[in-house]
2 protein chains.
Amino acid sequence: MNNHAKKLATPAANAAGPSTLRHAMQLLKITAAGGYQGASIDDYLDAMTLSRPSIYRLLKSLKAEDYLRSSPKRGRYLLGYQLLALGAQAGNGSGLRDLMRPRLLSLAQRFGDSFYLFARDGIYAVCLEVQNGAYPVGSFVRATGERVPLGVGQASIALLAQLPLAERHTLLKHSATQLEHDYQISIEDVETEIEFLHQHGYARGVEGSQLPEYTGLALPILDHSGHPLGALSCAMLKSRMTDEHRQAVLAGMRHHVTELVEQAHSLLHLE
Amino acid sequence: MNNHAKKLATPAANAAGPSTLRHAMQLLKITAAGGYQGASIDDYLDAMTLSRPSIYRLLKSLKAEDYLRSSPKRGRYLLGYQLLALGAQAGNGSGLRDLMRPRLLSLAQRFGDSFYLFARDGIYAVCLEVQNGAYPVGSFVRATGERVPLGVGQASIALLAQLPLAERHTLLKHSATQLEHDYQISIEDVETEIEFLHQHGYARGVEGSQLPEYTGLALPILDHSGHPLGALSCAMLKSRMTDEHRQAVLAGMRHHVTELVEQAHSLLHLE
DNA sequence: TTGCGAGTCTCAAAATATGAGACGAAAACC
DNA sequence: GGTTTTCGTCTCATATTTTGAGACTCGCAA
């Protein structure tokens, strides 16, 4: 009630959080949006309503902390390597990535397909680790750190299937238009695949018009108490997916997931 | 002169940059230091001189931006996946990583050894990408985003060798004690290896007492105008490093570096 | 139930970022 | 080599902002 009056008193205090922080993060986002070209002062000035001196001040601070760095091109800024270091840590929540990395390598070497570790990140599935195999493959994500909306790809199915029903429905309804529009995926198909997973224990590559030549498999990863940790996923050319190959790959994936969960369990008991 | 007086007037204004930003980044660092366990309020309170409400305010903001997230453990905080996404971008400065990733995979598959892409980051060498091969290997870095002081490992040699003499000496003198103490590496040996690279065109694994069973090779990556972009490095068991194998691996690495540079060159011309 | 720790709220005080425009420096250009 | 454009910094007054102390609520656990 009274805070309503307060919000009106301060023009730019609608969103939560210290403005300096938000500005700094906006700088990072704009820089990231520039890809490997980075961003220029004008990019920043256009995208936000800060004065030039203020932007330079923030840029200097971010550079001092190695969150940004100057591009070889004069007047352009790139993301700094501190983000890379923190990002590497961030991908290892609960130690999952470290435990999974050698397993992905082993799977990729043995089968020649590409394997992925995913985790849920809000309404997204985030790729924590990739290991490509000898056979070429197309996928929605190619590298660590990329995100796709939950619902896209077989790993998403495995993650969604672990959510409480209500949450899942809310989430899917919320993403429906994006899924349809950007990926030509209908939430009915997603629900169908989730059903398939509940019956057969694994998720299949969905038939989207986006990557028609490829397909895949995915398994959810649950800890001992049933909490979802992530998903192990695999992508391959459709022509490689014989029944025999599917059974072999699934067995390999199941094996590694089982071992992983035991490993994680014993690790937690050490602490 | 007069700013001296100003600094004295404001107690905590010695360092550069908005304090809110520094505090937020300190939070991220402390969280990162907690590894996959993350950090608790007390960790933050102990490590910095902010009041509890202030810390909570910052935590909330960072969580809202997905730079932090709550751990499954109540009261603990982990790094958020936004950092992972930004980190993935950060590692792709100049597009180098995207260009190199498939090449690392190809090398690792062909030779079975482990291959690395490094870049310089101030006084550190930062690992932009790893591709492990079929043969097990030990290395100073195991994952993307990890950093070692310049001087450690063969990739460092390749990076150092591209620096102007004066800068190199300043830098090495500055890191000397750390290199000696943490890695048992003398800067004389480093200089010797740099000399070797200048004569033979590649860097060898240094004989440190840290990883006595492993050795490696590294090549600098220079663009068309001679500016250093990074280093391609390789690690393997000493027993695998026959003369023949070394020649083969070096040839493969040289091949990929040459192709990469041409690729990068033509890419830049498109823009 | 009780207890403890996590997280939030209020307020006034004060520190801190902000903008406008001038200034300095260093490429890039001719 | 001289000139111009662009990048980056500085100053200062203003006022928006964060800050700290402590009381308060909520939720988990014994």
Side-chain angles (χ1 to χ4, degrees), chain A residues 1-27 31 34 37-46 48-65 68-78 225 227, chain B residues 1-27 30-31 34 37-46 48-64 68-78 225 227:
Chain A
M1 309 190 169
N2 46 357
N3 41 0
H4 181 67
K6 199 170 196 179
K7 300 233 167 152
L8 286 182
T10 61
N14 38 13
S19 61
T20 307
L21 231 188
R22 286 207 318 281
H23 291 154
M25 300 187 160
Q26 225 181 327
L27 289 181
T31 311
Q37 303 256 30
S40 71
I41 293 295
D42 291 324
D43 292 334
Y44 300 126
L45 281 170
D46 291 352
M48 41 205 303
T49 58
L50 270 184
S51 64
R52 202 167 50 246
S54 294
I55 288 182
Y56 274 117
R57 274 187 287 253
L58 284 177
L59 286 177
K60 193 153 63 159
S61 307
L62 287 169
K63 264 169 60 173
E65 306 260 3
L68 285 180
R69 64 197 158 104
S70 293
S71 162
K73 277 188 196 166
R74 178 175 147 86
R76 298 198 78 84
Y77 297 84
L78 295 169
S225 40
H227 289 292
Chain B
M1 310 191 171
N2 46 354
N3 42 0
H4 183 66
K6 201 169 196 180
K7 300 230 167 155
L8 286 181
T10 61
N14 38 14
S19 61
T20 308
L21 231 189
R22 285 208 318 281
H23 290 154
M25 301 188 157
Q26 224 180 327
L27 288 181
I30 294 165
T31 311
Q37 305 257 27
S40 70
I41 293 298
D42 291 324
D43 292 334
Y44 301 126
L45 280 171
D46 292 351
M48 40 205 305
T49 58
L50 270 184
S51 64
R52 199 166 54 243
S54 295
I55 288 182
Y56 274 116
R57 274 187 287 251
L58 285 177
L59 286 177
K60 193 153 61 160
S61 308
L62 288 169
K63 263 169 61 174
L68 285 180
R69 63 197 159 107
S70 293
S71 163
K73 279 190 196 165
R74 179 176 146 86
R76 298 198 78 84
Y77 296 84
L78 294 170
S225 41
H227 289 292

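Chain letters run A, B, ... following the sequence lines, proteins first and then strands; every chain starts at 1.
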Side-chain touch [X]/[Y], heavy atoms, less than 4.5 angstrom:
{"X": "Leu58(B)", "Y": "Thr20(B)", "answer": "yes"}
{"X": "Gln26(B)", "Y": "Leu50(B)", "answer": "no"}
{"X": "Leu62(B)", "Y": "Tyr77(B)", "answer": "no"}
{"X": "His23(B)", "Y": "Leu21(A)", "answer": "no"}

Below 4.0 angstrom from OP1 or OP2 of [N], is there any side-chain N or O of [X]?
{"X": "Tyr44(A)", "N": "dC7(D)", "result": "no"}
{"X": "Tyr56(A)", "N": "dT9(D)", "result": "no"}
{"X": "His23(A)", "N": "dA17(C)", "result": "no"}
{"X": "Ser54(B)", "N": "dT18(D)", "result": "no"}

Side chain of [X] only, heavy atoms from C-beta on: which candidate in [options] is closest?
{"X": "Arg74(A)", "options": "dC7(D), dG7(C), dC9(C)", "answer": "dC7(D)"}
{"X": "Pro53(B)", "options": "dA21(D), dA17(C), dG19(C)", "answer": "dA21(D)"}
{"X": "Thr20(B)", "options": "dG20(D), dT18(C), dT18(D)", "answer": "dT18(D)"}
{"X": "Ser19(A)", "options": "dG19(C), dG20(D), dT18(D)", "answer": "dT18(D)"}
{"X": "Arg52(B)", "options": "dA28(C), dA23(D), dG27(D)", "answer": "dA23(D)"}

| task | Identify the two heavy atoms, one from Gln37(B) and one from Arg76(B), that lie closest to each other, and give their separation to 0.1 Å. | result |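 Reported closest heavy-atom pair: O-NE, 2.9 Å.
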Please report the distance, rounded to the nearest Å, between [atom1] in [X] and [atom2] in [N].
{"X": "Leu50(B)", "N": "dG7(C)", "atom1": "CG", "atom2": "C1'", "result": "16 Å"}
{"X": "Tyr77(B)", "N": "dG5(C)", "atom1": "OH", "atom2": "P", "result": "15 Å"}
{"X": "Leu59(A)", "N": "dT18(C)", "atom1": "CG", "atom2": "P", "result": "12 Å"}
{"X": "Met48(B)", "N": "dT18(D)", "atom1": "CE", "atom2": "P", "result": "15 Å"}
{"X": "Lys60(B)", "N": "dG7(C)", "atom1": "NZ", "atom2": "P", "result": "11 Å"}
{"X": "Ile55(A)", "N": "dG8(D)", "atom1": "CD1", "atom2": "P", "result": "12 Å"}
{"X": "Arg57(B)", "N": "dA15(C)", "atom1": "CZ", "atom2": "P", "result": "16 Å"}
{"X": "Asp43(B)", "N": "dA6(C)", "atom1": "CG", "atom2": "P", "result": "11 Å"}

Starting at the 5' end of DNA chain C, which residue's closest nucleotide do you reach first, Thr49(A) or Asp42(B)?
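Looking at the nearest nucleotide for each, Asp42(B) comes out on the 5' side.
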> Contact class for Ile41(A) vs. all strands (heavy atom < 4.0 Å): base, sugar-phosphate, or nothing?
Replying inline: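 Counting heavy atoms under 4.0 Å across all strands, the contact made by Ile41(A) is with sugar-phosphate only.
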- Task: Look at all strands and tell whether Ser70(A) reaches a base, only sugar-phosphate, or nothing, counting heavy atoms closer than 4.0 Å.
- Result: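 Contact class for Ser70(A): none.
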